Amino acid sequence: MPTLNIHPAIAELEKQIIAYRRHFHQHPELGFQEVETAKYILEQVKELDLDIRHPVAKTGIVATMRNGDGPCPASGGGCIALRADMDALPIQETGDVDYKSVNDGVMHACGHDGHIAILLGTIQALDRLRDQWRGTVKFIFQPAEEGEGGARYMVAEGALNNPDAAAIFGLHVWNYQDFGTIGVKAGPVLAAADRFEIAVKGQGGHGAMPQGTVDAVYVAAQLVVSLQSIVSRNLDPLQSGVVSIGQIQGGHSFNIIADEVALKGTARAYREEDRQIIKSRLQGICDGTAATYGASIELDYQDGYPPTLNDPAMTEVALRAARKVAGDGVGEPYLSMGGEDMAYFLREVPGCFIFLGSAKPEHQAAKVPHHCSHFDFDERVLAVGASVFIEIVRELLPTGA
Ligand SMILES: [Zn+2]
Ligand SMILES: [Zn+2]
């Protein structure tokens with residue numbers, strides 16, 4: 001494992017940061033319900049000289065720390081925004097830890113408890129380190145990353161304005177990478193995550209007498225097979241995309257030809273152009289299949305999170321910061337077709353989303369995946385993440401500016 005270089009101010013705060021994480025882990029709240037979480041965050045920073053906006057997007061917090069009027073030299077002015085998501089998942093925790101969730105059926109199974117703790121530690125360290133940076137840093141605690149896109153509402157309610165953010169950084173603890181590694185990469189790092197529903201309407205009848213019917217189950221089966229041609233035949237094979245049907249419902253009994261079938265699925269792509277290809281081919285296949293079999297097929301395609309795109313220049317900043325902390329442990333992130341609402345912030349201002357290897361040595365990468373009921377991570381990653389944030393601020397807001 002590479003030697004880690006934890007910032008001394010973070011090393012001093014590490015016990016406190018771990019205690020924060022355990023508090024949030026024990027008291028998880030679902031998206032847009034992070035009321036106690038926000039209260040606790042505000043309580044921890046109440047002694048500090050911060051401008052606080054709360055609530056933003058129902059439960060979100062925007063805290064601004066000013067330290068002189070130095071601009072952000074790398075981006076030509078403005079402040080730096082650091083972001084954490086606060087929400088938990090509707091999962092009953094099964095793991096055996098002393099900080100187990102006390103809220104039935106709710107669990108921090110993605111590591112957002114860690115993200116809040118990292119950002120809280122970063123705020124406190126930056127307050128102590130006012131002689132090491134100059135300018136303005138904005139701390140964004142956003143609700144509802146898991147599906148509802150809290151980031152979109154934060155943007156709409158002006159989280160990035162007054163003062164305007166010139167750059168934004170976020171990070172994710174990442175059990176798909178071993179502890180001690182940090183994944184940083186320019187360009188797309190998480191996918192556009194869309195969902196769609198298809199309603200197939202035919203004409204029911206007797207299972208023994210298909211004449212005169214339009215079998216909705218048969219038509220749906222054709223669709224399931226044809227849709228796989230989008231990725232294999234329409235997308236550039238060097239690019240990534242996936243179309244998955246996750247749910248089919250329809251039919252009445254073994255001897256009745258179904259008149260209706262509903263299909264639900266998800267479509268993922270790294271590039272906006274591939275997303276558009278998937279969307280238009282889905283529509284084309286639905287229309288063509290309807291015409292071929294005499295059924296009526298309606299497609300309801302709902303755009304989810306956009307692709308998460310890291311800006312090349314801000315990725316360089318993140319790389320320099322990450323290397324100061326983890327040296328040779330910095331490399332390509334473990335990529336997936338998952339989605340992340342950090343994408344909405346990155347659409348507005350250049351920035352970088354960073355992956356912190358957090359698998360415990362005894363588990364190894366990916367053995368305890370995110371969103372599983374016994375999810376846990378190596379808590380040493382909290383000091384790593386906060387150190388990376390500190391180094392990013394020192395890179396972009398140096399005292400000499
Ligand atoms: Zn998640
Ligand atoms: Zn997450």
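Computed from a predicted structure; not experimentally measured. In listed order, ligands and their atoms are each counted from 1.
- For Asn162, there are no side chain to side chain donor-acceptor pair (under 3.5 Å) partners two or more places apart in sequence or in a different chain.
- With Arg66 as reference, Asp51 is the one residue of Asp49, Asp51, Asp127 to meet the salt bridge (charged side-chain N to carboxylate O under 4.0 Å, His left out) rule.
- Among pairs with a residue in residues 116-146, none fulfils ring-ring contact (aromatic ring centres under 6.0 Å, His included), at least two apart in sequence or across chains.
- Residues His371 and Glu146 bring a donor and an acceptor atom of their side chains to less than 3.5 Å of each other.
- Between Asp303 and Lys279 there is a salt bridge, since a side-chain N of the basic residue sits under 4.0 Å from a carboxylate O of the acidic one.
- Of all protein N, O or S atoms, those under 2.8 Å from the Zn ion (ligand 2) number 3.
- Distances from the Zn ion (ligand 1) to each N, O or S atom of His371 single out NE2 as the nearest.
- The salt bridge (Lys or Arg N to Asp or Glu O under 4.0 Å) contacts involving residues 9-24 comprise Glu12-Arg128, Arg21-Asp113, Arg21-Asp376, Arg21-Glu379, Arg22-Glu379, where partners must be two or more places apart or lie in separate chains.
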